[in-house]
Number of protein chains: 2
Amino acid sequence: MPASQHGEVPASGADIESAVPRKRADARRNEQTLLAAAAAVFVTDGVDAPVRDIAKAAGVGMGTIYRHFPTRADLIIAVYRHQVEACADAGPALLASSATPYAALRQWVDMFVDFLVTKHGLAGTLQSGDTRSGPLHAYFLDRLRPVVAALVEAAAAAGQIRGDVDPFGFLYAVGNLCAGDTSNPHYDARAMVHLLVAGLAARPQAQPAGG
Amino acid sequence: MPASQHGEVPASGADIESAVPRKRADARRNEQTLLAAAAAVFVTDGVDAPVRDIAKAAGVGMGTIYRHFPTRADLIIAVYRHQVEACADAGPALLASSATPYAALRQWVDMFVDFLVTKHGLAGTLQSGDTRSGPLHAYFLDRLRPVVAALVEAAAAAGQIRGDVDPFGFLYAVGNLCAGDTSNPHYDARAMVHLLVAGLAARPQAQPAGG
DNA sequence: TGCTAAGCGGAACAATGCTCCGTATAGTTA
DNA sequence: TAACTATACGGAGCATTGTTCCGCTTAGCA
């Protein structure tokens with residue numbers, strides 16, 4: 001199957017001639033500089049740092065950023081791509097190594113939450129439905145939804161969680177729970193996600209939904 | 001007791017002389033016009049509508065908006081104050097009328113979620129930790145936290161939910177779950193909140209929290 | 001060494017929250 | 001009724017931020 005094959009991306013498809021004529025050396029150098037600078041700025045100022053600050057940190061102009069990364073969201077994707085891929089790969093691995101599918105699901109969620117919570121503002125950018133964040137939103141969800149779906153379906157098949165859980169909605173919900181003021185000492189995103197995951201395993205009972 | 005006494009606000013404290021010298025007639029008229037216009041714009045364009053649009057809809061200038069409402073957030077608070085107060089009042093009422101505290105909690109959460117979900121963008125504005133939304137954030141949380149705390153504590157005392165639930169965090173979490181792209185047909189905020197509430201009632205089990 | 005396409009920097013544009021200040025007027029007083 | 005002043009108003013303007021545009025520079029090649 002045409003799986004992910006991420007990791008090193010030397011010259012983005014060097015085999016297919018004519019398609020990508022190989023970038024100029026300074027361009028490749030700048031791309032790496034930008035990724036490093038962006039990662040550093042994201043750590044100190046959060047993912048919401050202005051594009052200008054990143055350009056300044058990298059010592060390049062605005063135009064250079066936007067030639068390499070069409071939008072802010074694309075830059076964010078590029079910076080975190082490796083970690084997202086690692087999360088995606090961890091799903092099947094946990095499913096294979098854990099005692100039960102539900103245990104795998106819990107571990108996977110813990111890993112994902114750790115990722116989101118430590119990247120200040122990332123979860124927020126992920127959820128905001130504005131046009132600009134579109135690509136980021138789509139990338140995360142497209143990449144991770146199948147992984148979550150496999151975990152959820154396995155746990156449901158094993159009878160460990162209810163069978164009516166929408167994987168997409170669940171993933172989105174976990175992201176939402178990690179959004180907002182992450183530095184707020186009074187809000188413990190991990191605890192709330194644990195509650196949500198516990199709810200997954202609870203036997204569905206008649207909800208007095210008044211609406 | 002100096003309770004809320006919201007609803008009509010004739011001259012904001014007519015008894016205390018000198019403190020508030022009673023606004024001019026045109027000012028009072030404009031404030032009402034603004035509230036109505038803002039409410040209408042929020043319904044059609046969402047809570048994130050630009051201040052300029054609201055000014056235009058009300059037929060006033062920017063200055064007029066900002067004299068009446070120091071920030072965007074204050075305007076939003078004013079528009080939804082009645083509904084927030086209604087939510088706050090519903091807490092004790094449900095606790096008194098419901099069969100069990102947990103049932104009251106569930107019903108209250110349903111009511112709150114209905115409120116948030118139908119006001120496009122409100123939950124998002126609520127959570128975003130930026131300075132501008134500060135007042136809104138603070139108002140909602142300060143007003144509703146005690147209500148949720150009473151519900152949660154009653155349910156915990158009755159042994160219906162776990163005892164280690166932080167009311168603040170729970171309220172914040174519900175708000176978060178309602179944030180994001182509410183119009184996304186693939187995301188059902190109500191269902192996710194139900195999951196969270198179900199997790200409240202689940203017996204705490206050893207979480208393999210790796211951290 | 002010279003040429004050209006690829007790449008670069010940063011000014012400029014658009015959107016948006018908010019401030020400032022000159023002008024208009026409600027309410028009062030003579 | 002006329003004059004006066006505190007109050008209120010309108011909207012231009014400022015600051016921030018994502019994004020685009022375009023003239024200048026330079027890597028890579030002949």
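Below, read A as the first sequence line, B as the second, and so on, with proteins coming before strands; counting in each chain starts at 1.
Comparing the local axis fitted to the first five base pairs of the helix from C:dT1-D:dA30 to C:dA30-D:dT1 with the one fitted to its last five gives a bend of 20°, rounded to 10°.
Applying the ring pair (Phe, Tyr, Trp, His ring centres under 6.0 Å) rule to B:F140 yields no partners; only residues at least two apart in sequence or on another chain are considered. By the side-chain contact (heavy atoms from CB on, under 4.5 Å) test, B:D166 pairs with B:F168, sequence neighbours left out. Listed by chain and number, the residues in a salt bridge (charged side-chain N to carboxylate O under 4.0 Å, His left out) with A:R24 are A:D26 (sequence neighbours excluded). Under the side chain to side chain donor-acceptor pair (under 3.5 Å) criterion, A:S98 pairs with A:Q107, sequence neighbours left out. Not counting sequence neighbours, the partners of B:A58 by the side-chain contact (heavy atoms from CB on, under 4.5 Å) test are B:T33, B:L34, B:A37, B:V60. Contacts of B:F112 classified as ring pair (Phe, Tyr, Trp, His ring centres under 6.0 Å), with partners at least two apart in sequence or in another chain: B:W108. Annotation: side-chain contact (heavy atoms from CB on, under 4.5 Å) contacts of B:A96 (sequence neighbours excluded): none.
Heavy atoms of other residues, nucleotides or ligands lying less than 6.0 angstrom from CE of A:M111 number 12 at most.
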Using residues 43-52 of chain B as the side-chain source, report each donor-acceptor pair under 3.5 Å to any protein atom, sequence neighbours left out, with the distance given to one decimal.
| unit_1 | atom_1 | unit_2 | atom_2 | d |
| --- | --- | --- | --- | --- |
| B:T44 | OG1 | B:V41 | O | 3.2 |
| B:D48 | OD1 | B:T125 | OG1 | 3.4 |

Show me the donor-acceptor pairs within less than 3.5 Å that the side chains of residues 73-80 of chain A make with the rest of the protein, sequence neighbours left out.
| unit_1 | atom_1 | unit_2 | atom_2 | d |
| --- | --- | --- | --- | --- |
| A:D74 | OD2 | A:T71 | N | 3.2 |
| A:D74 | OD2 | A:T71 | OG1 | 2.9 |

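Protein atom CG of A:D74 is 13 Å distant from nucleotide atom C1' of D:dT19, rounded to whole Å. Atom-to-atom, CG of A:D53 to C1' of D:dT17 comes out at 10 Å; the value is rounded to the nearest Å. Straight-line distance from the CE atom of B:M62 to the P atom of C:dA15: 14 Å, rounded to whole Å. Following rounding to the nearest Å, B:K56 (NZ) and C:dA15 (P) show an atom-to-atom distance of 11 Å. Rounded to whole Å, atom P of D:dC21 lies 18 Å from atom CD1 of A:I65. When the C1' atom of C:dG10 is taken as reference, atom CD1 of A:I54 falls 17 Å away, rounded to whole Å.
With distances taken from any side-chain atom of A:A25 to the nucleotides D:dG28, D:dT17, D:dT19, the minimum falls on D:dG28.
The phosphate of D:dT20 has neither OP1 nor OP2 within less than 4.0 Å of any side-chain N or O from A:Y66. Close to C:dT16, at under 4.0 Å from its OP1 or OP2, lies no side-chain N or O of B:R52.
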Between N or O atoms, less than 3.5 Å apart, protein on one side and nucleotides 6-8 of chain C on the other: list the pairs.
| unit_1 | atom_1 | unit_2 | atom_2 | d |
| --- | --- | --- | --- | --- |
| C:dA6 | N3 | A:R24 | NH1 | 2.6 |
| C:dG7 | OP1 | A:R24 | N | 3.3 |
| C:dC8 | OP1 | A:N30 | ND2 | 2.3 |
| C:dC8 | OP2 | A:R67 | NH1 | 2.5 |

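Ion pairing of B:D110 with B:R190 is absent here, as no side-chain N (NZ or NE/NH1/NH2) approaches a carboxylate O to less than 4.0 Å.
For B:G59 and A:R29, each mapped to the nucleotide of DNA chain D holding its nearest heavy atom, the one lying further toward the 5' end belongs to B:G59.
Contacts of residues 35-42 of chain B with DNA chain D (heavy atom under 4.0 Å): none.
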